[in-house]
S.K.: 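To start, I am sharing the structure in question, which I have written as structure tokens.
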Amino acid sequence: MRAQSSATTAPRVAVVTDRDRPGLGILQAALGVIAFSLTFPATAWGLEGFGPWSLVAVRSVLAAVIAGGCLLGLRVPLPARRHWPGLAVVGAGVVLGFPLLTTLALQTSTTAHAAVVVGLLPLTTALCSALRVGTRPSPTFWTAALAGAAAVLAFTVQQSGGALSTADLYLFAALLVCAAGYTEGGRLARVMPGWHVIGWALVLCLPLTVPLAALALAQEPVRLTAHSVTGLLWVAVGSQFVGLVVWYRGMAAIGIPKASQLQLAQPLLTLVWSVLLLGEHLPVAAPLTAAAVLVCIAVTQRARG
């Protein structure tokens with residue numbers, strides 16, 4: 001009689017990731033959109049006491065200190081050498097390029113007009129993703145995305161009078177660099193935690209942001225007020241670090257094109273915050289545009305790419 005082996009086979013443990021929980025990914029991406037929707041009003045507050053270069057440089061340094069402290073405290077190893085070029089793109093796009101260009105634009109533009117950027121950003125990010133990552137969303141996805149972008153553009157441009165200015169050049173340039181940063185960050189967030197992506201990108205930019213902050217603070221006047229300090233802290237912690245952490249995790253879980261479409265709601269959220277925080281007037285057309293945008297988001301979330 002053959003003796004039975006007493007050894008038992010160890011049960012397989014299923015590893016659940018964010019990609020296995022699309023609902024969580026949508027929630028994380030949505031939280032990122034909410035954080036980003038406060039960026040323009042917070043920037044307007046920050047500009048009350050800081051110059052544009054000072055505000056951008058100091059926010060990046062503060063966010064890098066927080067991120068670096070987390071990375072050091074948790075003993076996170078350095079990223080693989082092959083990931084550093086992608087992190088440089090993230091740093092150039094979302095740590096330096098987008099904040100600087102939009103801050104310069106907000107010196108002469110209202111937050112409502114600047115919302116044109118985030119109205120176009122989802123479509124630009126999806127296009128960038130298709131080129132860089134090789135995603136191929138369905139025709140239904142593209143139809144809904146274009147319709148949502150058109151609705152947001154029609155709303156924001158009509159409210160700003162349709163005039164083009166120097167600020168628009170900053171905004172369109174910001175749109176391009178941010179889409180590249182989002183796409184590269186979403187790709188990297190599939191192979192490393194989302195907060196590692198933005199954390200290392202922020203640290204990577206320190207050799208530029210520290211001397212820039214010192215130079216800008218020496219050249220631009222600083223007036224510390226409740227608004228300016230609150231605005232600075234929000235764009236540094238909320239927009240530059242926490243918001244990007246949940247945003248990249250969301251993109252890794254549900255895909256870059258679908259996550260980017262959630263940003264169609266960002267301009268309208270920004271307008272709401274502008275009314276509550278800056279006292280701007282909320283246009284009557286906002287509810288109709290919001291309804292159209294929500295329909296487009298629902299379609300893109302159900303479309304198969």
Side-chain angles (χ1 to χ4, degrees), residues 16-37 93-94 115-159 171-172 174-191 194 243-244 246-272 285-305:
V16 180
T17 65
D18 287 345
R19 276 176 280 181
D20 301 318
R21 297 176 290 181
L24 178 60
I26 292 174
L27 175 61
Q28 290 172 327
L31 290 175
V33 170
I34 294 173
F36 299 152
S37 70
V94 302
V116 171
V117 173
V118 286
L120 288 174
L121 190 54
L123 181 59
T124 308
T125 303
L127 287 170
C128 190
S129 172
L131 294 174
R132 177 66 177 89
V133 186
T135 56
R136 293 296 182 269
S138 67
T140 301
F141 178 97
W142 286 116
T143 300
L146 288 170
V152 171
L153 276 175
F155 174 73
T156 51
V157 171
Q158 188 273 333
Q159 293 301 318
L171 294 172
F172 286 123
L175 173 71
L176 296 176
V177 298
C178 190
Y182 277 176
T183 299
E184 203 64 24
R187 185 186 67 82
L188 289 172
R190 288 181 171 270
V191 295
L244 285 169
V246 294
W247 174 243
Y248 282 140
R249 287 178 65 90
M251 283 199 295
I254 65 177
I256 297 172
K258 286 188 177 181
S260 68
Q261 299 314 303
L262 292 175
Q263 279 197 309
L264 287 169
Q266 187 173 326
L268 302 178
L269 288 173
T270 298
L271 290 175
V272 172
L288 294 177
T289 308
V293 167
L294 290 176
V295 170
C296 293
I297 291 175
V299 173
T300 59
Q301 290 302 309
R302 288 170 172 78
R304 293 181 179 180

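All figures in this text were calculated on a predicted structure; none of them were measured in a lab. Only this structure's heavy atoms are used, side chains among them; waters, hydrogens and symmetry mates stay out.
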S.K.: Are the side chains of V293 and F155 in contact, using a 4.5 Å heavy-atom criterion?
M.R.: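 Side chain of F155 against side chain of V293, heavy atoms only: no contact under 4.5 Å found.
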S.K.: Say you draw a straight line from CE of M251 to CZ of R187; how long is it, rounded to the nearest 0.5 Å?
M.R.: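 It comes to 11.5 Å.
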S.K.: Could you report the tightest heavy-atom contact between A179 and C128, atom names first, then the distance?
M.R.: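 Closest pair (atom of A179, atom of C128, distance): O-SG, 4.0 Å.
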S.K.: Does W247 reach the side chain of V94, with side-chain heavy atoms less than 4.5 Å apart?
M.R.: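 Sidechains of V94 and W247: no contact.
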S.K.: Looking only at heavy atoms, which two atoms of A189 and A252 are closest? And how far apart?
M.R.: O-CB, 3.4 Å
S.K.: If you round to the nearest 0.5 Å, how far is CG of L24 from CD1 of I254?
M.R.: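 Answer for the CD1-CG pair, I254 versus L24, is 10.0 Å.
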S.K.: Can you see which heavy atom on A144 is nearest to which on V299, and at what distance?
M.R.: CB-CG1, 3.5 Å
S.K.: Has T270 got a side-chain atom pairing as donor or acceptor with S37's backbone, closer than 3.5 angstrom?
M.R.: yes
S.K.: Do you know the tightest heavy-atom contact between A35 and G243?
M.R.: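 In terms of heavy atoms, the two residues are closest at CB-CA, 3.9 Å.
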S.K.: Nearest 0.5 Å, what's the CG-CG distance between L171 and L121?
M.R.: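 If we round to the nearest 0.5 Å, L171:CG and L121:CG are 11.5 Å apart.
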S.K.: Can you see which heavy atom on T125 is nearest to which on T183, and at what distance?
M.R.: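 It is O-OG1, 3.6 Å.
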S.K.: With rounding to the nearest 0.5 Å, note down the distance linking CG in L271 to CD in Q266.
M.R.: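 One gets 11.0 Å once the value is rounded to the nearest 0.5 Å.
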S.K.: Would you name the heavy atoms of G25 and A253 that are closest together and state the gap between them?
M.R.: CA-CB, 3.6 Å
S.K.: Hey, what do you get for OG1 (T124) to CG (L176), rounding to the nearest 0.5 Å?
M.R.: 6.5 Å
